[in-house]
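Order of the sequence lines fixes the chain letters, A, B, ..., with proteins taken first and strands second; residue numbering starts at 1 for each chain. Every heavy atom of this structure was used, including side-chain atoms; hydrogens, water molecules and symmetry mates were not.
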Amino acid sequence: MAATPPQHYTLVITGAPYSSQAPQTALFFARAAIAAGHTVDRVFLYGDGVHLASALSAPPSDEAHWSTEWAAFLNENNIPGVACIASALRRGLVNESEQARYELSASNTLSPFVIAGLGEWVEGTMTSRTLYFHSGG
Amino acid sequence: MAATPPQHYTLVITGAPYSSQAPQTALFFARAAIAAGHTVDRVFLYGDGVHLASALSAPPSDEAHWSTEWAAFLNENNIPGVACIASALRRGLVNESEQARYELSASNTLSPFVIAGLGEWVEGTMTSRTLYFHSGG
Amino acid sequence: MSTLIVIDQPPYGSWAGREALDMAFSLAAFDQSVSLLFTGAGVNWLRTYQDTQEIQQKSVERNLAAASVFGVEAIYADEAASRLYRLMPDNTMAGVTVIKDRAALLRQHSHVAFAG
Amino acid sequence: MSTLIVIDQPPYGSWAGREALDMAFSLAAFDQSVSLLFTGAGVNWLRTYQDTQEIQQKSVERNLAAASVFGVEAIYADEAASRLYRLMPDNTMAGVTVIKDRAALLRQHSHVAFAG
Amino acid sequence: MSDIKTLHILNKPPEHPRTQQCLEALNPGDALLLIENAVLAITMSVEAEVAVPVFALAPDVVARGLGQSPRGASASLVDFPVMVNLTASAQNVISW
Amino acid sequence: MSDIKTLHILNKPPEHPRTQQCLEALNPGDALLLIENAVLAITMSVEAEVAVPVFALAPDVVARGLGQSPRGASASLVDFPVMVNLTASAQNVISW
């Protein structure tokens, strides 16, 4: 197959790890895209997908740890990972400033993931090819 | 309709709040069961249902806060609320002892919810009528 | 670029549709072209007289009524699904365009995103 | 009391089936009577030669093979679903009982719990 | 009421594969309770297709704009106290 | 490859209502990529029912014990690099 010209991607993940396969498929896709010379502009977590950004996940040691695998990939490739703030607040994912604002007992966002608005997704749709990784039903 | 003899219930919730309607239906059911003189022996959170026990959820102020509504109901009626430890650890719900064991940055279990094993559910199936509140697809 | 947001899940049983609606409103807020398609069990979003007081959720009917104000270009409903769920002109909210050819509608948009 | 755990979702795409299997193993560990029913797309749990290395998940085939060791009484598969997914004796794991009448099986158990 | 053998509680929309499996599992003496997304089945008169009593949870029915039952519908609307009674008086309960 | 108008990526099992909607939306010039739960569709030879090229993601196929394609199957197995190429060369992509 002929190589395609370099593309810019925004990847949107709406399925949670350990509930759907979405974060795994998206990670394998992202690695292959980078390897092929494409650019991943950002990863946007929406709906149940925000759970991927949890710093408190502790799967059994003989299972893959999808949050830390994603975090390492984002760090290595300097890719922003953004969890939608509205989805995150409802589902108990907060950073330090939201912890303070809502007077919560802790924060639990895994670096380098950040929390921001849907504007990040809108920007993605305007400037890059946006692909969705949903729960598989 | 004739009143039925008092029953003991175990309620199992497998759907997450702000993702499924399961925790809401289960709460309305539990309130009605108590009001009718039945006993709710325990509420068991399994799978995505463990997110109900998060202490960090912050829904918009004009929406119901299902975690705190459930916590208040459990406190008022002295009902144990148990999140399955295996489901919880994968999904980033931990108490202080699991935080210490896995060297995590915080704990996020809302009192009076506790984290325990599937034995609590097995006990429920043996001694009380066990009802399931799943995600509605 | 024109975006079509597709909602094929019924209201209240899950949050996926609400969050898809937020996506549509957000695009509209940034002056991007966006329309909504309700299909499958999703057409039940469009029924009138939704009274959600007893389930303690906000009515999606009220949210949707604001769609055109927010700049959403069109609200489409799949004809077959509307018929299946007995949605008629007298119990369907105003401003909905019933369509027969979903595939053609998808082709007309350069970007399609499903709820959930 | 006898429990039937029903798995109607395929493996790997979601965790509901895995967690239902843990429920079955847990009942068996407490010496409770428990059986498994695979139906719908769930029958795909029963196919042989599952090689999950590339998706980095543990094979459910290996888990299921341990069911009888753990004390699960029976593994049932719905006949119509098995036929639909072309599960034949030569590509179905050993120890599975194919059944035609799901309703009768449900009636035979005092406690039925679905995956997810 | 105390004659219910198995109470089937369904919360999935009509298109969901579990809905068909539920309807096929209904036996004489059982009852079907529609809650959450499953109340949408009354728009297609599911109660005319099954041979057991059909109940629908009123708060879910009203929320979805189905408080005025479609013509011909005969599902009995019940509130949470009646749902509790149904579960307490049935021999078995299956949540689909 | 660069001739794909819309690449349809399906990850739902055959019974899921979105699968039927996806199959009905396929147009000449499109392609269908089965991933995750959707690869189960090759057991029922879905590629014989649709008039567009059908691809299936190999890691998902192999995980589900379908590495030895059933007789008559003609979906092309692809790896992640090819999936990337497909998405990069299609005019539009829809994730069902």
**Message:** Show, in sequence, the C-alpha distance, side-chain angles and deciding distance for B:Trp121 and D:Leu27, and conclude whether the side chain to side chain contact (heavy atoms under 4.5 Å, CB included) test is met.
**Reply:** CA-CA 9 Å; B:Trp121 165 75; D:Leu27 281 170; 3.5 Å; yes
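The environment of CD in B:Glu96 is sparse: at most 12 heavy-atom neighbours from other residues, nucleotides or ligands sit within 6.0 Å. At most 12 heavy atoms of other shown residues, nucleotides or ligands fall within 6.0 angstrom of atom CZ in D:Phe70.
For D:Gln32 and B:Thr125, the side-chain atoms include no donor-acceptor pair closer than 3.5 Å.
There is no contact between D:Val34 and chain B, counting heavy-atom distances below 4.5 Å. Heavy-atom distances place both the backbone and the side chain of D:Phe114 under 4.5 Å from chain B. Of the atoms belonging to B:Arg129, not a single heavy atom falls under 4.5 Å from chain D.
Closest of all the heavy-atom pairs between D:Val112 and B:Tyr132 is O-CE1, 4.1 Å. Residue B:Gly119 comes nearest to D:Ser26 through the heavy atom pair N-OG, 4.3 Å, listed as atom of the first residue, atom of the second, then distance. Shortest non-hydrogen contact noted between D:Glu19 and B:Ser87 is OE2-OG, 3.0 Å.
The residue among B:Leu118, B:Val12, B:Thr14 with the most heavy atom pairs within less than 4.5 Å of chain D is B:Leu118.
Distance check: D:Phe30 CZ to B:Met126 CE gives 8.5 Å after rounding to the nearest 0.5 Å.
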